[in-house]
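The structure appears right after this line, and notes come after that.
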Amino acid sequence: MDKFDKLSGIAAPMPMVNIDTDMIIPKQFLKTIKRSGLGVNLFDEMRFDRDGNEVPDFVLNKPQYREAEILVAGENFGCGSSREHAPWAIKDFGIRCVIAPSFADIFYNNCFKNGILPIALPQEQVDVLMKDAEKGSNARIEIDLEAQTITSSDGEVIRFDVDSFKKHCLMNGLDDIGLTMEKAASIDSFEATASQSRPWV
Amino acid sequence: MSPKTLYDKIWDAHVAHEADDGTCLLYIDRHLVHEVTSPQAFEGLRMTGRKVRAPEKTIAVPDHNVPTTLDRANAKTMTEDSRIQVEALDTNAKEFGLHYYPVSDVRQGIVHIVGPEQGWTLPGMTVVCGDSHTATHGAFGALAHGIGTSEVEHVLATQTLIQKKSKNMKVEITGKLSPGVTAKDITMSVIGVTGTAGGTGYVIEYCGEAIRDLSMEGRMTVCNMAIEGGARAGLIAPDEKTFEYCMGRPHAPKGAQWEAALEWWKTLYSDDDAHWDQVITLKGEDIAPVVTWGTSPEDVLPIDAKVPAASDYKGGKVDAVSRSIEYMGLTEGMALTDIEIDTVFIGSCTNGRIEDLRAAAAILKGKKVKDGLRAMIVPGSGLVRAQAEEEGLADIFKEAGFEWRLAGCSMCLAMNPDQLAPGERCASTSNRNFEGRQGFKGRTHLMSPAMAAAAAITGRLTDIRQLDI
Ligand code: SF4
């Protein structure tokens with residue numbers, strides 16, 4: 001998995017609430033058996049018309065946001081299905097960090113497994129960053145995962161919280177499965193006990 | 001011992017390892033797998049030379065992509081990429097030695113219907129699936145939730161999940177439901193109260209007289225939509241109805257093991273003085289038959305209400321409501337019962353069980369689908385379909401003018417050819433009304449099977465309580 005430590009990038013503003021996984025990656029793109037190549041389909045039904053032409057008003061189609069690496073969005077980002085295609089598409093497009101007042105649970109977890117940092121902040125702070133993002137490509141936002149800070153283009157510093165284990169894995173690009181397998185002895189002994197107490201499982 | 005909630009009890013019984021910061025390895029009793037969210041996980045195993053740790057606890061069934069038309073044995077009805085996904089599941093299930101219900105098996109169906117039907121889902125278990133509606137299995141007092149593909153791979157390889165504990169929320173529905181009000185109306189009404197993010201960070205336990213009165217099918221409908229309220233999982237404490245449902249199922253314990261299981265299952269309830277981080281109480285008699293008008297499951301209103309105005313809302317929801325109303329092609333203040341529909345879809349893991357089909361048949365008996373309307377019923381599994389045929393329900397549907405399909409997810413998410421055309425408006429018993437969910441620019445109104453059947457007859461959203469039957 002890709003490591004995440006620092007990022008300085010353009011932020012795209014998407015002030016909608018409840019941006020769901022069907023918007024992020026519509027189901028017609030779930031028929032892949034690979035993880036890569038979904039970036040071109042990110043936000044497909046908002047980004048393109050039926051004939052496949054770009055919708056000029058859509059934020060990621062605007063020249064100043066094509067290279068965006070950060071997304072600033074409204075509350076409950078990523079609600080809906082468990083499809084990991086949503087973070088795969090976001091990552092493949094080039095976005096490494098999503099900032100919103102809140103996230104749906106499964107989406108939030110899926111981000112960390114894919115080298116994306118989701119940051120939940122109080123609405124007022126998201127509003128500050130949303131304004132910043134609206135300035136376009138002149139405004140770069142800086143994110144420092146180690147220090148857990150976001151620095152706006154005006155130099156305002158905002159602290160954010162992140163689970164220490166998730167932070168550790170993201171900063172070091174660690175593979176969860178490998179880490180868990182190191183605890184195989186615990187799993188073995190759990191299984192041995194459970195097969196006695198709940199043999200029907 | 002300190003008092004515990006049902007969630008606390010199941011959690012404690014499954015912690016295989018706990019780190020100092022509270023991160024746990026939760027042991028998984030049942031892992032359900034379908035074709036859309038698993039191929040990359042199996043590929044990951046192959047690339048790292050890992051195995052499936054507990055194939056005997058892993059159950060695979062194709063459901064999202066499969067055609068539901070009667071000619072589906074003929075693979076030409078499947079698009080190339082769908083066929084590749086289903087074939088990948090077939091190969092993976094065989095290669096890794098999983099329990100498998102292929103399309104040709106009468107037991108095939110939507111994974112969340114097949115699990116309980118086959119007795120894989122039992123009280124007190126941990127159940128996961130790469131699908132957010134895994135919450136359905138919570139109806140048995142099992143801790144069940146959706147996971148992403150990386151987590152699918154993690155469970156395949158280790159039979160555990162890295163988890164931190166959620167908070168406890170109690171949702172109590174007191175008293176009795178009024179006539180015409182169903183499990184679907186309960187669960188949608190709760191989301192109307194909490195919003196789609198209200199459950200985030202929580203596991204919900206549904207309780208109260210109105211919940212106890214529900215059948216197992218109804219309880220599955222309630223838990224199914226816990227995820228639409230943002231919760232990690234929904235739970236209902238097991239009781240005699242649960243045990244009766246489980247008894248004799250192919251993979252339920254038998255004999256002495258049944259007795260031992262039963263003894264443990266009977267301890268699975270929240271202690272009287274258990275701590276709740278949040279409590280929500282609704283009166284059963286206050287719940288009306290509801291529908292959604294917008295493009296979020298929280299856009300719920302009683303059927304006798306009117307389309308709201310954006311100005312009734314605050315914050316980010318103002319823009320969201322205007323966008324929804326425009327997308328749905330409605331006008332502020334119009335009566336919901338004036339909304340005309342083009343299509344009716346009865347099915348999905350929310351409402352594709354036998355009880356749902358009985359409810360629809362009770363309305364449709366001797367009636368006809370309104371002229372020009374497209375109407376389909378997609379049973380949740382091959383066994384539900386067989387039972388409905390045996391009970392004569394299928395004849396009622398066909399005589400009314402419904403298409404009687406084979407089992408699968410179908411128009412719930414429209415990954416197969418069952419899709420809405422742009423602008424087409426559907427009365428649907430599924431669980432999500434997101435933009436484009438049932439087809440590009442399609443418009444979805446969520447409701448119960450009885451309400452969807454009523455809408456099929458009248459051609460518009462209909463108050464089941466007013467329908468003259
Ligand atoms: S029926 Fe719908 S919600 Fe249920 S598993 Fe299938 S696609 Fe998901």
Side-chain angles (χ1 to χ4, degrees), chain A residues 15-18 20-23 26-28 30-35 45-46 50 74-76 79-88 101-110 113-114 123 163-166 175-181 183-184 186-187 189-191 194 197-201, chain B residues 16-17 19 21 23 25 27 29 36-37 39-40 43 48 50 57 65 79 81-82 84-85 88 122 125 130-132 146-151 153-154 157-160 162 164 196-197 200-201 230 232 253 257-258 260-261 264 296 315-317 319-320 413-415 422 432 434-437 440:
Chain A
M16 288 170 74
V17 299
N18 295 333
D20 60 64
T21 49
D22 284 65
M23 289 181 191
K27 77 248 150 201
Q28 60 269 34
L30 307 186
K31 294 185 181 181
T32 171
I33 54 171
K34 301 204 203 79
R35 291 173 204 247
E45 292 182 358
M46 294 197 268
R50 260 265 122 144
E75 66 192 46
N76 202 26
C79 61
S81 90
S82 64
R83 62 187 70 157
E84 203 156 314
H85 308 68
W88 293 337
S102 59
F103 291 87
D105 189 42
I106 304 176
F107 176 83
Y108 186 80
N109 282 323
N110 280 342
K113 316 272 183 203
N114 292 284
Q123 184 74 53
D163 176 85
S164 56
F165 176 72
K166 290 194 167 87
D175 162 26
D176 278 355
I177 300 179
L179 286 177
T180 298
M181 286 188 139
K183 307 200 181 80
S186 304
I187 305 173
S189 83
F190 178 90
E191 244 172 13
S197 58
R198 294 194 295 276
W200 61 88
V201 175
Chain B
H17 181 271
D21 69 347
T23 305
L25 279 184
Y27 191 83
D29 294 329
V36 178
T37 56
Q40 294 87 350
E43 200 50 39
T48 48
R50 290 168 178 149
K57 293 173 180 166
N65 266 306
T79 59
D81 39 10
S82 292
I84 292 173
Q85 267 192 342
L122 297 168
M125 283 185 163
D131 188 283
S132 55
I147 55 178
T149 298
S150 297
E151 290 174 313
E153 188 177 338
H154 191 278
T158 70
Q159 205 58 27
T160 64
I162 300 173
K164 271 205 169 154
T196 48
T200 306
R232 171 158 295 175
Q257 282 204 0
W258 170 263
W264 185 56
S296 166
K317 196 69 189 166
D319 284 346
L413 94 165
M415 263 187 90
R432 285 194 178 133
F434 296 153
E435 288 182 18
R437 171 76 178 182
F440 184 71

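Proteins get letters first, then strands, A, B, ... in listed order; numbering begins at 1 in each.
For the set B:A320, B:G315, B:A197, B:G230, the entry with the most heavy-atom pairs within less than 4.5 Å of chain A is B:A197. With chain B as the partner, the residue from A:I106, A:D20, A:N110 showing the most heavy-atom pairs under 4.5 Å is A:D20. Contact count versus chain B (heavy atoms, under 4.5 Å) is highest, among A:L179, A:N109, A:N76, A:D175, for A:N76. For the set A:P199, A:S164, A:G80, the count of heavy-atom pairs under 4.5 angstrom toward chain B peaks at A:G80. Options A:E84, A:Q123, A:M46, A:M16 differ in how many heavy-atom pairs under 4.5 Å they form with chain B, and the most are formed by A:E84. Ranked by heavy-atom pairs shorter than 4.5 Å toward chain A, the options B:E151, B:Q159, B:K317 are led by B:E151. For the set A:R50, A:K113, A:R83, the count of heavy-atom pairs under 4.5 angstrom toward chain B peaks at A:R50.
Between B:A88 and A:I33, the shortest heavy-atom contact is CB-CG2, 4.5 Å.
In this structure, CZ on B:F440 lies 5.0 Å from CD on A:E45, to the nearest 0.5 angstrom. Going from atom OG1 of A:T180 over to atom NE2 of B:H17 covers 9.5 Å, rounded to the nearest 0.5 Å. How far CH2 of A:W88 is from OG of B:S150: 6.5 Å, rounded to the nearest 0.5 Å. A:K31 NZ to B:T79 OG1: the interatomic distance, rounded to the nearest 0.5 Å, is 3.5 Å.
Contacts of A:K34 with chain B are made by backbone atoms alone, with heavy-atom separations under 4.5 Å and no side-chain atom involved. Only the backbone of A:F103 comes within less than 4.5 Å of a heavy atom of chain B; no side-chain atom from C-beta onward does. Using a 4.5 Å cut-off between heavy atoms, A:I187 touches chain B through backbone and side chain atoms alike. Neither the backbone nor the side chain of A:P15 comes within less than 4.5 Å of any heavy atom of chain B. Proximity to chain B (any heavy atom under 4.5 Å) is restricted, for A:N18, to the side chain, taken from C-beta onward. Both the backbone and the side chain of B:T149 come within contact range of chain A, each with at least one heavy atom under 4.5 Å from a heavy atom of that chain. With a threshold of 4.5 angstrom between heavy atoms, B:D319 does not approach chain A through any atom at all. Only the side chain of A:R198 comes within less than 4.5 Å of a heavy atom in chain B; its backbone stays farther off. The part of B:I147 that comes within reach of chain A is its backbone (N, CA, C, O), which places non-hydrogen atoms under 4.5 angstrom from that chain. Heavy atoms closer than 4.5 Å to chain A are found in both the backbone and the side chain of B:M415. Proximity to chain A involves both the backbone and the side chain of B:A414, based on heavy atoms less than 4.5 angstrom apart. Using a 4.5 Å cut-off between heavy atoms, B:S296 touches chain A through its side chain atoms alone. Residue contact with chain A, scored on non-hydrogen atoms closer than 4.5 Å, is absent for B:E43. When heavy atoms are compared at a cutoff of 4.5 Å, B:T196 approaches chain A by way of both its backbone and its side chain.
Side-chain atoms of A:M23 and B:F434, non-hydrogen and from C-beta on, never get closer than 4.5 Å to each other. When side chains are defined from C-beta on, B:I162 counts as touching A:F165, because their heavy atoms get closer than 4.5 Å. Side-chain contact between A:M181 and B:T158 is present, with at least one heavy-atom pair separated by less than 4.5 Å.
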Original post:
Could you go step by step and tell me if B:T200 and A:E75 meet the side chain to side chain contact (heavy atoms under 4.5 Å, CB included) rule?
Top reply: CA-CA 11 Å; B:T200 306; A:E75 66 192 46; over 6 Å; no
Original post:
A:T32 and B:Q40: side chain to side chain contact (heavy atoms under 4.5 Å, CB included), yes or no, with the steps?
Top reply: CA-CA 9 Å; A:T32 171; B:Q40 294 87 350; 4.1 Å; yes
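With respect to the salt-bridge test (charged N to carboxylate O, under 4.0 angstrom), the residues B:R432 and A:D22 do not qualify.
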